[in-house]
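See below for the structure under consideration.
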Amino acid sequence: MTNVDGVQRTLKVALGERSYPIHIGTGLLGKPELLTPYLAGQQVMVVTNESIAPLYLDKFCAGLSASLDVRTVVLPDGEQYKTIEHVSRIWDALLEAGFNRRCTLVALGGGVIGDMVGYAAAAYQRGVAFIQVPTTLLSQVDSSVGGKTGVNHPLGKNMIGAFWQPKVVLVDIDSLKSLPRRELSAGMAEVIKYGLIRDEAFLSWLEATMPALLDVEPEVVAEAIARSCQIKAEIVAEDETEQGVRALLNLGHTFGHAIEAHQGYGNWLHGEAVGAGMAMAATLSNRLGWIDDAALARSLAVIESAELPLAAPANMSSDDFLARMRLDKKNIDTRLRLVLLNALGDACVSDAVPVDVLRTLLDDYPRR
Ligand code: NAD
Ligand code: GLY
């Protein structure tokens with residue numbers, strides 16, 4: 001399957017003149033020729049964090065042409081640093097380097113770095129080019145694709161941001177070899193999400209291949225990433241700014257974002273919160289009579305097989321959940337909108353869940 005340059009698959013996010021490729025393969029961090037066509041000029045700012053820098057920064061920068069003016073920014077590692085203050089550090093570095101509108105920002109890291117660098121690029125001099133080089137499973141299957149960028153606010157997850165598409169996404173599967181198992185599981189939550197919302201056959205395949213996926217067997221991981229990115233690319237092409245179908249990508253996220261914010265950013269990983277959140281959404285769908293017991297059991301089993309939590313945190317009351325969920329970006333006016341399942345592989349957005357049903361779910365949902 002692998003061709004000479006290490007690229008196993010190239011997908012496209014079709015957005016007219018803002019379309020871009022997603023290259024997926026092995027050894028791609030050492031293939032700067034895949035990025036060069038997308039650089040806006042000679043000025044390149046590579047942004048990463050303190051954990052990823054020792055692993056990949058030198059290798060990545062060494063591959064870039066000596067004729068480029070390459071600078072680097074190394075931010076602290078953690079969701080708690082996904083703040084406007086840390087985006088400001090990127091702007092400081094750009095201005096100190098005298099970088100102009102023809103500069104290109106490169107996000108080398110997971111979703112935290114990708115979201116921050118994308119937002120820095122969206123606002124710097126009213127918008128400059130940026131490239132995603134995602135190094136976690138979660139960022140490779142989700143956050144690097146689709147142009148959602150931004151930072152957290154103490155009162156809510158991802159509340160400040162912009163839609164700003166990258167010029168290219170470079171997914172090097174080899175980078176997953178250094179990823180801690182807990183982070184791999186967190187990324188698997190978003191992979192499972194695609195099966196649950198859009199593709200029952202993919203869900204069945206995930207059920208069968210989960211042990212190989214968690215062992216990072218290259219062929220199956222490449223397949224999972226490619227199918228995930230393909231589904232995301234289709235949805236983003238249809239609805240870039242989330243006026244409709246894109247909201248389905250938030251299965252489990254309304255509950256999950258509430259968990260993340262309430263626990264303090266970084267304590268529950270985003271993917272762990274999404275895993276429990278999807279379990280809650282599936283349970284609610286079952287209580288509403290939309291999916292049967294067998295479908296609920298399959299949903300819970302596949303989440304659990306990825307070593308993700310099903311239970312909600314013990315320190316969160318129903319009121320804690322409801323207060324956080326009322327701040328969700330999907331809500332319209334005061335109406336809570338939830339992504340739920342009609343069937344495995346078929347999700348919908350509903351603003352008609354009776355409050356008493358939601359409260360009962362929250363009251364008796366398992367905690368740990
Ligand atoms: P992350 O960026 O915090 O990375 C997880 C951890 O893995 C970090 O400690 C990081 O330093 C480390 N790491 C990264 N790559 C590594 C590697 N190759 N080897 C070893 N360690 C490595 O977390 P994440 O799960 O990648 O992303 C979560 C973030 O993504 C959240 O902020 C979430 O809101 C956001 N997100 C955004 C979108 C979007 O559409 N923009 C979608 C989903 C999630
Ligand atoms: N992760 C949700 C989205 O990109 O829309």
Side-chain angles (χ1 to χ4, degrees), residues 142 157 185-200 202-204 206-207 210 247-263 267-331 335-368:
D142 193 352
K157 174 90 181 140
S185 287
M188 215 56 81
E190 306 282 10
V191 176
I192 292 167
K193 171 187 81 179
Y194 294 113
L196 286 172
I197 64 168
R198 191 86 161 190
D199 187 344
E200 205 260 341
F202 183 48
L203 191 72
S204 300
L206 290 173
E207 289 169 333
M210 192 56 75
L248 301 183
L249 293 171
N250 288 308
L251 177 70
H253 286 57
T254 307
F255 297 107
H257 284 167
I259 293 172
E260 276 189 273
H262 189 267
Q263 297 308 106
N267 290 319
W268 273 53
L269 301 181
H270 174 73
E272 291 171 339
V274 168
M278 291 192 300
M280 296 175 84
T283 305
L284 182 54
S285 307
N286 175 254
R287 294 223 180 153
L288 291 164
W290 297 2
I291 61 170
D292 61 21
D293 291 350
L296 173 62
R298 274 183 71 191
S299 306
L300 300 182
V302 71
I303 295 166
E304 199 168 29
S305 75
E307 300 171 4
L308 289 162
L310 297 178
N315 65 357
M316 264 185 101
S317 68
S318 302
D319 285 337
D320 292 332
F321 266 105
L322 288 168
R324 299 275 179 187
M325 290 166 73
R326 287 200 181 98
L327 285 175
D328 190 79
K329 291 191 290 304
K330 284 185 299 305
N331 297 343
R335 275 179 297 142
L336 204 59
R337 294 170 82 233
L338 292 170
V339 184
L340 297 172
L341 297 175
N342 289 317
L344 297 182
D346 179 14
C348 65
V349 180
S350 175
D351 64 358
V353 176
V355 176
D356 58 321
V357 177
L358 177 59
R359 180 166 277 283
T360 306
L361 171 93
L362 292 170
D363 285 348
D364 48 53
Y365 194 81
R367 303 292 204 274
R368 68 161 181 143

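Atom set for the values below is all heavy atoms of this structure, side chains included, hydrogens, waters and symmetry mates excluded.
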message: Using a strict threshold of under 4.0 Å (side-chain N to carboxylate O), is an ion pair present between D364 and R359?
response: no
- request: To the nearest 0.5 Å, tell me how far S204 OG sits from D199 CG.
  value: 8.5 Å
message: Can you confirm whether Q263 sits close enough to N315 that some side-chain heavy atom of one is under 4.5 Å from a side-chain heavy atom of the other?
response: yes
message: For a 4.5 angstrom cut-off between non-hydrogen side-chain atoms, does F321 reach H262?
response: no
message: Any donor-acceptor pair under 3.5 Å linking the side-chain atoms of S317 with those of D320?
response: yes
query: Which distance, rounded to the nearest 0.5 Å, do you find between the CG of D319 and the CG of D363?
result: 8.5 Å
Taking only distance into account, with no hydrogens and no angle test, what donor-acceptor pairs under 3.5 Å do side-chain atoms of residues 338-356 form with protein atoms, sequence neighbours excluded?
unit_1: S350; atom_1: OG; unit_2: A352; atom_2: N; d: 3.1
unit_1: D351; atom_1: OD2; unit_2: R335; atom_2: NH1; d: 2.2

- request: To the nearest 0.5 Å, tell me how far F255 CZ sits from L284 CG.
  value: 5.5 Å
message: Does any part of the side chain of R368, heavy atoms only, come nearer than 4.5 Å to the side chain of L310, both counted from C-beta?
response: no
message: With rounding to the nearest 0.5 angstrom, report the NE2 to NE2 distance, H270 to H253.
response: 3.5 Å
message: Distance check, rounded to the nearest 0.5 Å: M188 atom CE versus L206 atom CG?
response: 8.0 Å
From CH2 (W268) to CE (M316), nearest 0.5 Å: 9.0 Å
message: For a quick check under 3.5 Å, do R287 and T360 share a side-chain donor-acceptor pair by atom type?
response: no
message: Regarding N286 and D292, do their side chains bring together a donor and an acceptor under 3.5 Å, going by distance alone?
response: no
field: Donor-acceptor contact present, side-chain E272 to main-chain L269, <3.5 Å
entry: yes
- prompt: Between E200 and R298, is there a side-chain N and carboxylate O pair less than 4.0 Å apart?
  reply: yes
